[in-house]
Amino acid sequence: MSDAKDEGMIKITVEFSGGLEMLFSNERKLSLTIPAKDEDGTRSNIAFLVRHLCDTVMKDPRKELFVLDDTVRPGILVLINDADWELEGEDKYEIEDGDNILFVSTLHGG
Amino acid sequence: MAPSLCAQCKTSRALILRPKDHTKLCRACFLTTFETEIHHTITSTALFTRGERIAIGASGGKDSTVLASVMKTLNERYDYGLDLILLSIDEGIKGYRDDSLETVKRNAEQYGMELCILGYDELYGWTMDQVVEQVGKRGNCTYCGVFRRQALDRGAARLGVKHVVTGHNADDVAETVLMNLLRGDLPRLSRTTSIVTSTPSLTADPAANTNIKRSKPLKYAYEKEIVLYAHHKNLDYFSTECIYSPEAFRGSARALIKNLERVRPSAILDVVRSGEDMAKLVPGSDEGCGGVCASSVPAGEEEEGGCGSAQGRSSGGEMATMEQALSSNDHAADNGLEIEITTSKIAKTAAPLPLTVGKSRKVPKAPHASRTQPKKQVMGQCKKCGYLSSQDICKACVLLEGLNKNRPKNHIEVGYEPDKEVSGVADAVKDIHVGAG
């Protein structure tokens with residue numbers, strides 16, 4: 001679709017809030033460049049991004065606070081370009097260049 | 001996937017999928033709908049009266065921040081005529097509450113509301129840091145919960161406020177309903193599900209700090225929508241975990257609720273409604289007795305010893321409250337039951353000071369609260385501090401006595417006053433300083 005995709009990589013912004021940033025070295029906003037296609041050669045989707053975040057970005061060992069049963073832990077909201085991921089196909093949503101993906105925890109207190 | 005349009009305005013792109021009914025809404029329609037539903041909750045339950053001064057229990061977290069914002073919006077939009085102020089409790093936990101209090105201070109400016117911050121040290125002579133130093137991390141939540149409950153009431157009394165609103169949401173209520181079900185504790189259901197808890201008829205003294213009404217206007221609001229409201233309205237809130245129970249949010253009832261929501265989003269409100277309906281069926285509940293019994297429910301003891309998202313977690317004192325409620329509800333059936341013998345033995349035990357959570361469940365009861373007592377719980381006032389209590393000494397004073405007796409004597413402190421050490425809350429309150437702004 002875009003030039004970046006043709007080069008095999010896409011640039012996206014990933015944000016964490018609601019306390020989730022604590023699992024990501026207190027980084028609230030990351031600019032990431034990820035492969036446009038996953039291991040199987042299909043277009044990278046949210047499921048791939050979550051795996052990517054766990055494997056390469058997240059330093060905190062408590063992965064289960066972010067991912068449970070191979071998907072984003074219940075109680076964590078995912079907004080794709082500000083839209084609820086449930087409106088976009090959840091973890092099957094295929095990421096496009098320039099997308100903004102926000103993970104918000106509802107589980108933390110004040 | 002093609003973007004879908006808002007079900008209401010049918011022009012803007014839908015960004016929100018409502019958990020309660022799967023409606024797709026755009027940002028603007030969602031914000032309005034969310035506010036209108038809170039307005040409906042407020043008007044249908046006649047929650048406020050014109051001219052009322054309302055304290056918003058504010059922690060800086062998502063729930064209370066959204067509550068403050070929505071209350072301000074609705075008060076102006078529908079001309080409730082309310083005088084709104086923010087009331088924050090500082091538990092005295094370094095590196096945790098300091099940051100969230102900064103958020104509350106910003107909120108006070110943003111919303112143009114008066115702010116009162118009241119500290120555990122001022123109220124009780126102990127910060128939570130000091131409590132933890134003494135009792136350890138295990139069980140410290142009990143102290144914090146008991147202290148906070150009274151602190152909100154005392155803060156409200158200092159401000160001359162009769163009504164405190166808190167940010168408890170539908171997820172919190174559903175969680176508490178499930179916990180009560182899991183414990184077989186139906187008598188508590190009515191208290192946890194009712195939108196207002198208060199003790200209006202307890203005392204004729206209008207200045208008494210026990211005469212405070214509590215309500216939760218966000219009772220039917222999904223936690224998910226509260227977070228989305230804060231996000232889409234760009235509200236300034238603070239999220240953290242208490243450093244003394246960093247993984248409190250992994251509580252099993254909470255996880256159960258969130259898992260249910262993932263499978264069937266309407267489940268949360270369904271559990272809340274089921275809780276309300278079951279509460280009506282429980283003999284002696286607020287609803288079941290036409291509200292007459294409501295005055296026997298101490299607002300100070302009725303809610304959970306919760307903190308942050310761990311609201312609804314059990315605490316020792318809660319169990320004691322439950323025992324009393326059970327005893328007053330089931331007195332007729334009790335005669336001849338083995339458990340009665342056991343319980344009355346506990347009731348007659350001399351008063352050891354509970355030092356741990358476990359022990360605090362066996363807080364010796366005042367004679368009038370024993371199982372042979374007919375129906376209604378007899379509420380009195382704590383002999384030490386005057387706070388509403390079904391026991392001679394309220395839970396906070398019992399906990400304080402234990403703490404003070406064990407305060408290390410070799411620990412030299414500036415301003416150490418032996419008299420004050422063993423006294424109850426009342427003395428500590430005397431010279432309290434309430435800072436506004």
Side-chain angles (χ1 to χ4, degrees), chain A residues 1 13 15-24 26-29 43 45-47 50 60-96 99-110, chain B residues 1 3-4 13-19 22 24-27 58-65 97 100 103-104 167 169 171 222-228 230-232 237-242 245-251 254-263 265 306-311:
Chain A
M1 190 175 288
T13 307
E15 292 184 76
F16 305 100
S17 75
L20 210 52
E21 63 275 16
M22 284 181 260
L23 295 179
F24 291 88
N26 278 315
E27 295 278 357
R28 298 184 68 97
K29 194 169 189 172
R43 284 184 58 197
N45 57 21
I46 298 290
V50 168
D60 198 297
R62 296 172 296 170
K63 311 284 183 205
E64 76 280 5
L65 299 187
F66 181 51
V67 173
L68 212 60
D69 298 330
D70 287 329
T71 186
V72 178
R73 186 188 169 96
I76 294 175
L77 308 180
V78 186
L79 302 188
I80 300 165
N81 301 322
D82 246 8
D84 193 327
W85 75 332
E86 291 176 72
L87 295 168
E88 305 285 336
E90 302 197 21
D91 64 0
K92 309 270 188 313
Y93 171 83
E94 294 176 345
I95 300 171
E96 299 192 12
D99 275 352
N100 179 300
I101 318 285
L102 167 64
F103 297 92
V104 198
S105 173
T106 67
L107 299 166
H108 289 72
Chain B
M1 202 179 269
S4 27
R13 182 180 163 215
L15 295 180
I16 290 100
L17 180 68
R18 299 203 71 195
H22 298 280
K24 296 172 183 176
L25 295 178
C26 69
R27 178 183 171 278
S59 68
K62 58 188 189 314
D63 300 304
S64 58
T65 301
R97 193 50 87 196
S100 49
T103 309
V104 178
N169 58 42
D171 294 53
Y222 274 75
E223 189 159 63
K224 173 180 172 178
E225 295 204 344
I226 288 172
V227 170
L228 287 177
H231 171 75
H232 288 293
Y237 72 94
F238 189 80
S239 350
T240 184
E241 278 310 309
C242 175
S245 59
E247 297 188 350
F249 64 82
R250 298 168 78 189
R254 199 59 165 193
L256 181 54
I257 287 286
K258 294 298 182 189
N259 283 325
L260 276 175
E261 183 184 26
R262 184 66 64 92
V263 178
C307 47
S309 56
Q311 290 154 342

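The figures here come from the full heavy-atom set of this structure, side chains too, leaving out hydrogens, waters and symmetry mates. Throughout, a chain's letter reflects where its sequence line sits, starting with A, and its residues are numbered from 1.
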Worksheet item: At a heavy-atom separation under 4.5 Å, does L17(B) approach chain A through its side chain, its backbone, both, or neither?
Response: both
Practice prompt. Indicate yes or no for a side-chain donor-acceptor contact from S105(A) to the backbone of G19(A) under 3.5 Å, with no hydrogens or angles considered.
Written response: no
Worksheet entry | Residue selection (most heavy-atom pairs with chain A, distance under 4.5 Å) from R27(B), R13(B), K24(B) | R13(B)
Worksheet item: In terms of heavy-atom proximity below 4.5 Å to chain B, should L102(A) be classed as side chain, backbone, both, or neither?
Response: side chain
Worksheet item: Is atom NZ of K63(A) surrounded by more than 12 heavy atoms (other residues, nucleotides or ligands) closer than 6.0 Å?
Response: yes
Worksheet entry | Residue pair L77(A) / V227(B), side-chain heavy-atom distance below 4.5 Å | yes
Worksheet item: So what's closer than 4.5 Å to chain B heavy atoms on L79(A): side chain, backbone, both or neither?
Response: side chain
Practice prompt. Report yes or no: do S100(B) and S59(B) form a side-chain donor-acceptor pair below 3.5 Å?
Written response: no
